[in-house]
Amino acid sequence: MYNVTDDIIYVGVDDKEIDLFEGMYHVPNGMTYNSFVILDEKIAVTDSVDASFGEQWLKNIKEVLGGRKPDYLIIHHMEFDHSANIAKFIKEYPEVQLVGNAKTFTMIKEYFDIDIKNPVTVQEGYELVLGKHTLRFIMAAFVHWPEVMVSYDLTDKALFSADAFGTFGASDSKQPWQDEARRYYIGIVGKYGVQVQNLLKKVSSLDVQKILPLHGPVLDSNLSYYVGLYNIWSSYAPEKHAVMVAYASIYGHTAQAAKLLAEKLQSKGETVLLYDLARSDRAECVAQAFACDRLVLASVTYNAEIFPAMREFIDCLNERGYKNRTVGLIENGTWSPISAKLMRDRLAPCKNLTFTQVAVKVRAALNDESLAEIDNLVTELL
């Protein structure tokens, strides 16, 4: 626990035991589940924590309250890692009023068998006065669930941002914010870029001096940097001038072609990120594909299809609205190399992709013809 401001106290928890977040994202550095207490004439608690940490969370709150009782539990987001202990909180503090929007309360009834007394149903611009603190609510539907909202403390200039600006990693994680926030954003929120842009526009007129997300550290300096990255990510613009080369290989010949391409690009001064899709963290690969302005996919033909690791990777790009990039293709096949066409077809849902004219064809192993095609692809990517 710690003070964010004189009146806003962190009461969240670290999860060091979790291995997969949302059942699919590797989190070797753990997770935070953030919750805050606003101490005023009336006391508000923001959000709950994961089900495994209900007792620790309630203990933290009691220590901060020092015998007082909370007046409000504000529910910015109903995903279970933030709402799991609502019923437990009501049992501990039966007079508390829940604060949410209409969709919030619909979901609560679906999640819990509880009697909600005197709920405070908020809409866009609603202001909740706690005393010297006033919270203004801003709807943020589909960032990244339909009931999501954020709130702005007019007194301490603090934005409670729900999952926006969240990261993977526990509070003592040494991973750079940008890397884990990118992986988190692209993986979990990335499909909803339009909605994130709408939220950024809504809060752009506010004097935000602190951002308090539901995961990761409180952001209280250089906020233009973080907002700038969110603007890039949510507008589907490349973050850096670089080539990502992603390959799916069986016996090493497709990998050899991909690595040779990467070496030749690097020799020309290009920044290159090289990933073996069968062995690399999927979320990291997807995030870096969005970060780079160019992408090369190299896949063996397998059962007259794309190799499974490549197919799944492309599906992840599709699901998150991949667009506005240049894409090159390398295919391999001993008797019927067709993976380039299949990869291109599978990328059809992605908008505004520019495919290179050169598509490298490897028949089992590299030869003079495919080596020349790699050189031509390097020229085109440059």
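Only this structure's heavy atoms are used, side chains among them; waters, hydrogens and symmetry mates stay out. None of these values were measured; they are calculated from a predicted model. For reference, positions follow the sequence shown, starting with 1.
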>> With ring-ring contact (aromatic ring centres under 6.0 Å, His included) as the criterion, how do Tyr230 and Tyr226 come out once you've worked through the C-alpha distance, each side chain's angles and the decisive distance to 0.1 Å?
In response: CA-CA 6 Å; Tyr230 251 66; Tyr226 304 107; 9.4 Å; no
>> Working note: Glu270 + Gln266, criterion side chain to side chain donor-acceptor pair (under 3.5 Å); need CA distance, chi angles, decisive distance, verdict.
In response: CA-CA 5 Å; Glu270 288 286 341; Gln266 288 171 329; over 6 Å; no
> Should Tyr275 and Tyr247 be marked as a ring-ring contact (aromatic ring centres under 6.0 Å, His included) after you check the CA-CA gap, both sets of side-chain angles, and the distance that decides it?
Replying inline: CA-CA 6 Å; Tyr275 289 98; Tyr247 65 89; 9.4 Å; no
>> Apply side-chain contact (heavy atoms from CB on, under 4.5 Å) to residues Ile8 and Thr5 and explain how you reach the verdict.
In response: CA-CA 5 Å; Ile8 301 176; Thr5 69; 3.4 Å; yes
>> Go through it in stages, so that I can follow the logic: the residues are Tyr184 and His215, the test is ring-ring contact (aromatic ring centres under 6.0 Å, His included), and I'd like the CA-CA distance, side-chain angles, deciding distance and then a yes or no.
In response: CA-CA 10 Å; Tyr184 181 92; His215 298 292; 5.7 Å; yes
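Phe89 and Ile116 fall within a single hydrophobic cluster, where Ile, Leu, Val, Met, Phe, Trp and Tyr side chains are chained together by heavy-atom contacts under 4.5 Å. Both Tyr25 and Phe80 belong to a single network of hydrophobic side chains, linked directly or stepwise wherever heavy atoms of I, L, V, M, F, W or Y lie under 4.5 Å apart. Hydrophobic clustering, with ILVMFWY side chains joined whenever heavy atoms are under 4.5 angstrom apart, groups Tyr33 together with Ile211. Residues Ile306 and Met244 share a hydrophobic cluster, clusters being chains of Ile/Leu/Val/Met/Phe/Trp/Tyr side chains in contact below 4.5 Å. Hydrophobic clustering, with ILVMFWY side chains joined whenever heavy atoms are under 4.5 angstrom apart, groups Val13 together with Ile61.
Atom NZ of Lys268 has 12 or fewer heavy atoms from other residues, nucleotides or ligands within 6.0 Å. With a 6.0 Å radius and a threshold of 12 heavy atoms from other residues, nucleotides or ligands, Asp368 has its CG atom at or below the threshold. Atom NZ of Lys103 is surrounded by 12 or fewer heavy atoms from other residues, nucleotides or ligands within 6.0 Å. Other residues, nucleotides and ligands place no more than 12 heavy atoms under 6.0 Å from the NZ atom of Lys191. Under a cut-off of 6.0 angstrom, the local environment of NZ in Lys157 is crowded, with over 12 non-hydrogen atoms contributed by other residues, nucleotides or ligands. Residue Tyr111 qualifies as enclosed at atom OH: its count of foreign heavy atoms under 6.0 Å is above 12.
Checking Asp153 against His133 by side-chain atom types alone, a donor-acceptor pair falls below 3.5 Å. For the residue pair Asn376/Glu380, the side-chain donor-acceptor check at 3.5 Å is not satisfied. Of the N and O atoms on the side chains of Gln197 and Asn231, at least one donor lies less than 3.5 Å from an acceptor on the other residue. For the residue pair Glu239/Gln288, the side-chain donor-acceptor check at 3.5 Å is not satisfied. A side-chain N or O of Glu79 and one of His144 form a donor-acceptor pair less than 3.5 Å apart.
Among Leu347, Thr356, Val296, Thr354, the one residue that satisfies the side-chain contact (heavy atoms from CB on, under 4.5 Å) test with Val327 is Leu347. When each of Asp7, Asp40, Thr155 is checked for a side chain to side chain donor-acceptor pair (under 3.5 Å) with Lys132, only Asp7 meets the rule. Partner of Ile43 under the side-chain contact (heavy atoms from CB on, under 4.5 Å) criterion, out of Val96, Asp71, Val64: Asp71 alone.
When side chains are defined from C-beta on, Val49 does not count as touching His82, because their heavy atoms never get closer than 4.5 Å. With a 4.5 Å cut-off on side-chain heavy atoms, Val208 and Tyr152 count as touching. A heavy-atom distance below 4.5 Å is found between the side chains of Thr167 and Pro217. Residues Val148 and Met78 are not in side-chain contact: their nearest non-hydrogen atoms beyond the backbone lie 4.5 Å or more apart. A 4.5 Å side-chain heavy-atom check between Leu212 and Leu159 finds every atom pair outside the cut-off. A heavy-atom distance below 4.5 Å is not found between the side chains of Lys117 and Leu98. For the pair Val45/Tyr72, no side-chain contact is recorded, criterion being any heavy-atom separation below 4.5 Å from C-beta on. Two residues are said to be in side-chain contact when any heavy atoms from C-beta on lie closer than 4.5 Å; Phe105 and Glu147 fail this criterion.
The cationic group of Arg136 does not satisfy the cation-pi geometry with Tyr126, failing either the under 6.0 Å distance to the six-membered ring centre or the 45° limit from the ring axis. Annotation: cation-pi geometry satisfied between Lys323 and Tyr236 (NZ/CZ under 6.0 angstrom from ring centroid, within 45° of ring axis).
Atom CD of Glu127 sits about 10.0 Å away from atom CZ of Phe137, to the nearest 0.5 Å. The CZ atom of Arg182 lies 12.0 Å from the CZ atom of Phe290; values are rounded to the nearest 0.5 Å. Going from atom CD of Gln195 over to atom CH2 of Trp145 covers 15.5 Å, rounded to the nearest 0.5 Å. Atom CD of residue Gln175 and atom CZ of residue Arg183 lie 8.0 Å apart, to the nearest 0.5 angstrom. With rounding to the nearest 0.5 Å, the separation of CG in Leu274 from CG in Leu265 is 10.5 Å.
Salt-bridge formation is detected for the pair Glu312/Arg282: a Lys NZ or Arg NE/NH1/NH2 atom is positioned less than 4.0 Å from an Asp or Glu carboxylate oxygen. By the 4.0 Å N-to-carboxylate-O rule, Arg363 lies too far from Glu369 to be salt-bridged with it.
Not one N or O on the side chain of Ser280 forms a donor-acceptor pair closer than 3.5 Å with the backbone of Leu277. Judged purely by atom type and a 3.5 angstrom limit, Asp293 has no side-chain atom pairing as donor or acceptor with the backbone of His241. In this structure, Glu373 contributes its side chain and Val358 its backbone to no donor-acceptor pair below 3.5 Å. Side-chain atoms of Ser35 never come within 3.5 Å of backbone atoms of Val11 as a donor-acceptor pair (strictly under, hydrogens ignored). With Asp15 contributing its side chain and Ile18 its backbone, the two residues share a donor-acceptor pair below 3.5 Å. Here the side chain of Gln97 pairs no donor or acceptor atom with the backbone of Pro119 at under 3.5 angstrom. Proximity of a side-chain donor or acceptor of Thr301 to a complementary backbone N or O of Ile338 within less than 3.5 Å is detected. Counting only distance, with no hydrogens or angles, the side chain of Asp50 and the backbone of Asp81 share no donor-acceptor pair below 3.5 Å. With hydrogens and angles ignored, the 3.5 Å screen pairs a side-chain donor or acceptor of Thr46 with a backbone N or O of Phe36. Judged purely by atom type and a 3.5 angstrom limit, Tyr322 has no side-chain atom pairing as donor or acceptor with the backbone of Val286.
Between His76 and Ser151, the shortest heavy-atom contact is NE2-OG, 2.8 Å. In plain terms, the two heavy atoms of Ser370 and Ala365 that are nearest each other are OG-O, 4.4 Å. Looking at every heavy atom in both residues, Ala289 comes nearest to Phe313 through CB-CZ, 4.0 Å. Across all non-hydrogen atoms, the minimal contact from Asp276 to Arg279 is OD2-NH1, 2.8 Å. Nearest approach of Gly169 to Ser173, heavy atoms of both residues: CA-CB, 4.0 Å.
Residue pairs meeting the side chain to side chain donor-acceptor pair (under 3.5 Å) criterion with at least one member in residues 324-335, sequence neighbours excluded: Thr254-Asn332, Asn324-Asn352.
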